[in-house]
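Since this is a predicted model, take the numbers as computed values, not measurements. Protein chains get the first letters and strands the later ones, always in sequence-line order, with residue 1 at the start of each.
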2 protein chains.
Amino acid sequence: MAARDLQERIKKLIIDRRLPSGAPLPTEPELMEFLGASRNSVREALKALQAMGIVEIRHGFGTYVGPMSLAPMIEGLAFRTVAGHYRGEDSLLQLLELREAVETGLVSRLAGRLPEADLDELAALVARMEEQAAQGAGLAETDRAFHATLYRGLDNVLLSEVLEAFWDAFHRVRCDLVEVPQDPQVTCRQHREILDAVRSGDSARAERAIRSHFGHVRARLDVSTERSPSPQ
Amino acid sequence: MAARDLQERIKKLIIDRRLPSGAPLPTEPELMEFLGASRNSVREALKALQAMGIVEIRHGFGTYVGPMSLAPMIEGLAFRTVAGHYRGEDSLLQLLELREAVETGLVSRLAGRLPEADLDELAALVARMEEQAAQGAGLAETDRAFHATLYRGLDNVLLSEVLEAFWDAFHRVRCDLVEVPQDPQVTCRQHREILDAVRSGDSARAERAIRSHFGHVRARLDVSTERSPSPQ
DNA sequence: TCCGATTTGTTCGTATGTATG
DNA sequence: ACATACATACGAACAAATCGG
């Protein structure tokens, strides 16, 4: 009776007091008194809220309002994908298709509307990617930065975070599950083509570039997915 | 030190044993022995996993593998949006824009590719919507069904669930925060136009229809958002 | 309807680890 | 080194819910 209620009441407390991210929450004893519940119940409620990213607990220091990031969504998506994969579903492919669907829809609207500064930054990222490819280094982080920078121009923090969350979940699962046959040269060429297309302002070409990029990732996925790896 | 670890080990247990959704987990005493932790610690870990939708706990019955739905994401998104709204941010508008971005990207690809059966179902939904509008009844559920049916043809369960999650979060927050000036007639016309556009196979027209629909919702939002309501 | 077995829900007391000053 | 404040962890007990006889 209390457990579910406690979470709601703590959330309501944050709303009512207009607590911003990082603001300190009452200590556990204070919450015990305020909510009229025992330590353990309060702690379980806080644990649940922590899992949702609503509060942040720092050992030996205190409890604070969380950053409200989408990190817990990544966690949930990643687990759901891993579990589905080991059960023989094509969950990883579905996650990739989700990214493809969203990004193709966005990039066409982005074409020709990106400020010069963002385009320069993207160009620098591609250059760095080519450098890393030449050295045989991993270019995952640069790839992430490219996609993040690309959609920053939409001026919607939520949208950017959701896309980054999808990227993170996909990347984490892919690393855990399948060793992808790297092909850095092709990856670089495709990112440069995306950049050129967006710069040119040709929506259709930009959409084609994105679709081609994802098609390549999908192809690498298919050949790696033939055999189902076993955990540990 | 153990808390974070316990969650990971329970997740690993689900993965390793290939437990499908709905499968029973070991009881709390069994988990205590298996994980070498006290009951309270095990319970806190389970609570956190429950918040992420990974496990489902039924009082007096047992613990089970969760449905892996995106319900926790809705919860998190909704709270984040409400909290941001009361802090004076335009979080609700951002959520709407997120939906608009995704749906405009998808509907253009859908135009002309929807099977006849789905089109008929959509037509029935619009008819029902018009009926409800005439009676002055709420048409939220029908609206939800329309959007859900529309993107079912993409054949990607994850994608459908994400879109439904966005719809749910937006609807919940909108109901909690602002009383929207209903305009059922316009809503019906716009949904019919979306349907007609998709049926005609004209991608650009479909995208225009969706964008017009969202534009209308946004306009109603703007006038309601002038004054910031206070909670309870 | 009742009963007992099983399982989760809630509470208390106590001890330990950790960060701050 | 010490004290304070806080979170972490454990164990034991009882309450409440569920299921089957």
Open item on the list: Whole angstroms only, please: what is the CZ-C1' distance between A:Phe61 and C:dG17?
Closed with: 16 Å

Open item on the list: Could you tell me how far apart B:Glu44 (CD) and C:dG9 (P) are, to the nearest whole angstrom?
Closed with: 13 Å

- [ ] Please state how far atom CD1 in A:Ile57 lies from atom C1' in D:dA9, giving the value in whole angstrom units.
- [x] 14 Å

- [ ] Please figure out whether B:Asn40 or B:Arg58 has its closest DNA chain C nucleotide nearer the 5' end.
- [x] B:Arg58

Open item on the list: Tell me whether A:Glu89 at atom CD has more than 12 heavy atoms from other residues, nucleotides or ligands lying less than 6.0 Å away.
Closed with: yes

Task: Cation over ring face, A:Arg172 and A:Phe166, 6.0 Å, 45° - done: no

TODO: Identify which nucleotide among D:dG11, C:dG9, D:dA7 has an atom closest to any side-chain atom of A:Thr27, counting heavy atoms from C-beta outward.
DONE: D:dA7

Open item on the list: Does the structure show a Watson-Crick or G-U wobble partner for D:dA1, both distances under 3.5 Å? Name it, or say none.
Closed with: none

Task: Rounded distance in Å - CG (B:Leu31) to P (C:dT7) - done: 12 Å

Open item on the list: In whole Å, I'd like the distance from the CD atom of B:Glu56 to the P atom of D:dT18.
Closed with: 13 Å

Task: Test: B:Arg99 cationic atom under 6.0 Å from B:Phe214 six-membered ring centre, within 45° of axis - done: no

Open item on the list: Quick check: on DNA chain C, is the nucleotide nearest A:Arg39 upstream (toward 5') of the one nearest B:Arg43, or the reverse? Name the residue that is more 5'.
Closed with: B:Arg43

TODO: Report the distance from atom CD of B:Glu28 to atom P of D:dA12, rounded to the nearest whole Å.
DONE: 16 Å

Task: 5′-ward residue of the pair A:Pro26/B:Gly60 relative to DNA chain D - done: A:Pro26

Task: Separation of D:dA7 C1' from A:Gln50 CD (nearest whole Å) - done: 11 Å

Open item on the list: Looking at B:Tyr151, I'd like to know if the NZ or CZ of B:Arg144 sits under 6.0 Å from its six-membered ring centre while staying within 45 degrees of the ring's axis.
Closed with: no

Open item on the list: When you measure from the side-chain N and O atoms of B:Thr63 to the phosphate of C:dT7, is any distance below 4.0 Å, counting only OP1 and OP2?
Closed with: no

- [ ] Please state how far atom NE2 in A:His59 lies from atom P in C:dT16, giving the value in whole angstrom units.
- [x] 14 Å

Open item on the list: Does D:dT8 have its OP1 or OP2 closer than 4.0 Å to a side-chain nitrogen or oxygen of B:Ser41?
Closed with: no

Task: Main-chain N/O of A:Arg87 paired with B:Arg18 side-chain donor or acceptor, under 3.5 Å - done: no

Open item on the list: Checking contacts here: which listed nucleotide (D:dA7, D:dA9, C:dC12) is nearest the side-chain heavy atoms of A:Ser38?
Closed with: C:dC12

